[in-house]
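In what follows, a single structure is set out as structure tokens and then discussed.
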Amino acid sequence: MTQLTNTPLTIAGRNFNSRLLVGTGKYKDFTETGAAIAQSGAEIVTFAVRRTNLGQDADAPNLLDVISPQRYTLLPNTAGCYTAKDAVRTCRLARELLDGHNLVKLEVLGDDHTLYPNVVETLKAAETLLTDGFDVMVYTSDDPIVARELEAMGCCAIMPLGSLIGSGHGIQNPHNVRLIVEQSSVPVLVDAGIGTASDAAMAMELGCDGVLLNTAIAYARDPLRMANAMKLAVEAGRDAFLAGRMPRRQSADPSSPFAGRING
Amino acid sequence: MSTFNESTQLTLNGEPYAIAPGLTAADLVEQLGLGGRRIAVEINEQIVPKSQLAATSLADGDQIEVVHAIGGG
């Protein structure tokens, strides 16, 4: 029997067995966050950086108590930043927050209606962050030329959207995602738009190295079960990609032999 | 420079915030009940490393951000 071998996902020199990356937003509470993320099998977990609430209960639980930096590779994002300057400041705060950890998810948004990436500001921020020693995983549009520029600058992962953040519309332009996969030497992850397991499987079947999602699990009726579904979908999609799908045909091709039929 | 100021006026997380004169960034963090918590501090758009908080004096007009990790994608 053939041994099925799996290669790790390597991002900026770090190896990961799971190709599913998950966010920590929109959950009912920290208990659900922790349980869903554990069920997903994800090893890389994103979070946001925000002002502390002054006068808050100092004993209130903290996200990092649930998502331990010892257990997970934490990926601070720059969600909510609309300029390169704010994104760079946020990354520097995150690095201080995590004692020098330099892997970040850069996203610079264009407007709050679409949350579409502002690629001009994204390129500017990437340049500053790379000069400052960050490993930059970058959220971007599904434009292969922009993706190529970001890789040439030195970003360690290219993360095109499948569709709008939080929309659950899946991968709207699989052809572009495939173009990006084919041209890239660094990992390509679909980030944003995944709605259900088949979307995650599709990303992997297109040859993506991983999938980053949040809302699809957090807003499922049963987040734990969807976390499991996403884990399996990413594994299944990866296996299907490695297996190499059968060619598509215009006509039928019987699976049972033609010869020896009783009506022959 | 006046030595008679009764308080130092800061902007803390976007809001006006008065503290006693002569406090350091570490004192402010303690006063906020955030001592020992996983936070990061920026003063006038420059990161102040944890190791430097106690050596950083606060002055009138300082713009201070104190942030932490929250759920996000």
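Chain letters run A, B, ... following the sequence lines, proteins first and then strands; every chain starts at 1.
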- Query: Looking at I67(A), L97(A), V22(A), which one has more heavy-atom pairs under 4.5 Å with chain B than the rest?
  - Reply: L97(A)
- Which portion of I47(B) sits near chain A, non-hydrogen atoms under 4.5 angstrom: side chain
- Item | Heavy-atom contact with chain B under 4.5 Å, split by part of I165(A) | neither
- Enclosure of R225(A) CZ (heavy-atom neighbours >12, cutoff 6.0 Å): no
- Looking only at heavy atoms, the pair that brings A40(B) and L93(A) closest together is CB-O, 3.4 Å
- Message: With a 4.5 angstrom heavy-atom cut-off, is it the side chain or the backbone of K26(A) that approaches chain B, or both, or neither?
- Response: neither
- Query: Can you list the steps and then say if L12(B) with R51(A) is a side-chain contact (heavy atoms from CB on, under 4.5 Å)?
  - Reply: CA-CA 9 Å; L12(B) 176 59; R51(A) 288 169 165 168; over 6 Å; no
- Query: Are the side chains of E65(B) and T90(A) in touch, meaning some heavy atoms are under 4.5 Å apart?
  - Reply: no
- Decide if atom CD of E127(A) counts as having more than 12 heavy atoms of other residues, nucleotides or ligands within a radius under 6.0 Å. no
- Note on the structure: On a heavy-atom basis, the closest approach of L32(B) and L54(A) is CD2-CD2, 3.9 Å
- If you take all heavy atoms of I39(B) and T52(A), which pair is closest and at what distance? CG2-CG2, 4.1 Å
- Query: Taking C-beta and beyond as the side chain, do N62(A) and R37(B) meet within less than 4.5 Å on heavy atoms?
  - Reply: yes
- Item | Closest non-hydrogen atom pair between G71(B) and A48(A), with its separation | O-CB, 4.0 Å
- Under 3.5 Å: donor-acceptor pair, side chain of E96(A), backbone of V41(B): no
- Based on non-hydrogen pairs under 4.5 Å, which of L75(A), D65(A), N77(A), V45(A) is most in contact with chain B? N77(A)
- Query: Do L64(A) and H68(B) have side-chain heavy atoms sitting under 4.5 Å apart?
  - Reply: no
